[in-house]
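All values below come from the heavy atoms of this structure, side chains included, with hydrogens, waters and symmetry mates left out.
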Amino acid sequence: MSKDIDIEKYTSEDITTEKLSELISKKASFQIVAVKNISSVVNKVEGAIEKKGLRCRVYTEYRAASLASFAIPTGFTQVTGFASVIGIAAHNLATFNPDYEIGKNKPAGKVTVLYKKD
């Protein structure tokens, strides 16, 4: 993600409801770091975006790595890889043309929120 350099970083404690509202009103992209409870933070951000009447897509960063299982020639891994492709495609169609994308990265403990309409 080349935009990481330009993105403001906040901790979970810094991201209050008011701060989220302000960032979303400004159509800002930002990152929340040192996140202990990814689901809680994602739900908070997603709710704030939707409250402004905007659409968002939530995804797991580096999810394309799950597609690598296609290359491993066992029945199970190929079925898993195929299921990943179908799931990702269905999710992208269901959340077509979002205003924001919310990327979850549990191992790194971060949530990246990118405004996509500019």
Inset, instruction - Examine Val33 and Phe30 and state if one hydrophobic cluster contains both, with Ile, Leu, Val, Met, Phe, Trp and Tyr joined whenever side-chain heavy atoms are less than 4.5 Å apart. - result: no
Legend entry - Exercise: do Asn43 and Ser40 side chains pair donor with acceptor under 3.5 Å: no
Legend entry - Audit row: Glu50, Cys56, side chain to side chain contact (heavy atoms under 4.5 Å, CB included) steps and yes/no: CA-CA 8 Å; Glu50 290 173 349; Cys56 61; 4.1 Å; yes
Inset, instruction - Report yes if the side chains of Val111 and Gln31 come closer than 4.5 Å at any heavy-atom pair, otherwise no. - result: no
Inset, instruction - Could you list the residues that satisfy side-chain contact (heavy atoms from CB on, under 4.5 Å) with Ala34, not counting sequence neighbours? - result: none
Inset, instruction - Using only heavy-atom distances, determine whether the side chains of Ser12 and Lys36 contain a donor-acceptor pair under 3.5 Å. - result: no
Legend entry - Side-chain heavy-atom pair Ile49, Val113 within 4.5 angstrom cut-off: yes
Inset, instruction - Apply side-chain hydrogen bond (donor to acceptor under 3.5 Å, both in side chains) to Lys106 and list each qualifying residue two or more places apart in sequence or on a separate chain. - result: none
Inset, instruction - Could I get the full list of side-chain hydrogen bond (donor to acceptor under 3.5 Å, both in side chains) partners for Thr17, not counting sequence neighbours? - result: none
Legend entry - Sidechain-backbone polar pair: Lys52 side chain, Gly47 backbone, donor-acceptor under 3.5 Å: no
Inset, instruction - For residues Lys9 and Lys110, determine if any side-chain heavy atom of one lies less than 4.5 Å from a side-chain heavy atom of the other. - result: no
Inset, instruction - List the steps, then state whether side chain to side chain contact (heavy atoms under 4.5 Å, CB included) holds for Tyr10 with Leu23. - result: CA-CA 11 Å; Tyr10 302 91; Leu23 290 167; 3.6 Å; yes
Inset, instruction - Locate the shortest heavy-atom distance separating Val45 from Leu20; write the atom from each residue and the value. - result: CG2-CD2, 3.9 Å
Inset, instruction - Apply salt bridge (charged side-chain N to carboxylate O under 4.0 Å, His left out) to Lys117 and list each qualifying residue two or more places apart in sequence or on a separate chain. - result: Asp99
Inset, instruction - Apply salt bridge (charged side-chain N to carboxylate O under 4.0 Å, His left out) to Glu22 and list each qualifying residue two or more places apart in sequence or on a separate chain. - result: Lys19, Lys26
Legend entry - Shortest non-hydrogen contact between Leu114 and Ser29, atoms and distance: CA-OG, 3.4 Å
Legend entry - Point-to-point distance, once rounded to the nearest 0.5 Å, from CD of Glu101 to CZ of Arg57: 5.0 Å
Legend entry - Partners passing side-chain hydrogen bond (donor to acceptor under 3.5 Å, both in side chains) against Asn37 (at least two apart in sequence or in another chain): none
Legend entry - Closest heavy-atom pair and its distance - Tyr100, Leu54: CE1-CD1, 4.0 Å
Legend entry - Pair Lys104-Thr112, side-chain donor/acceptor within less than 3.5 Å: no
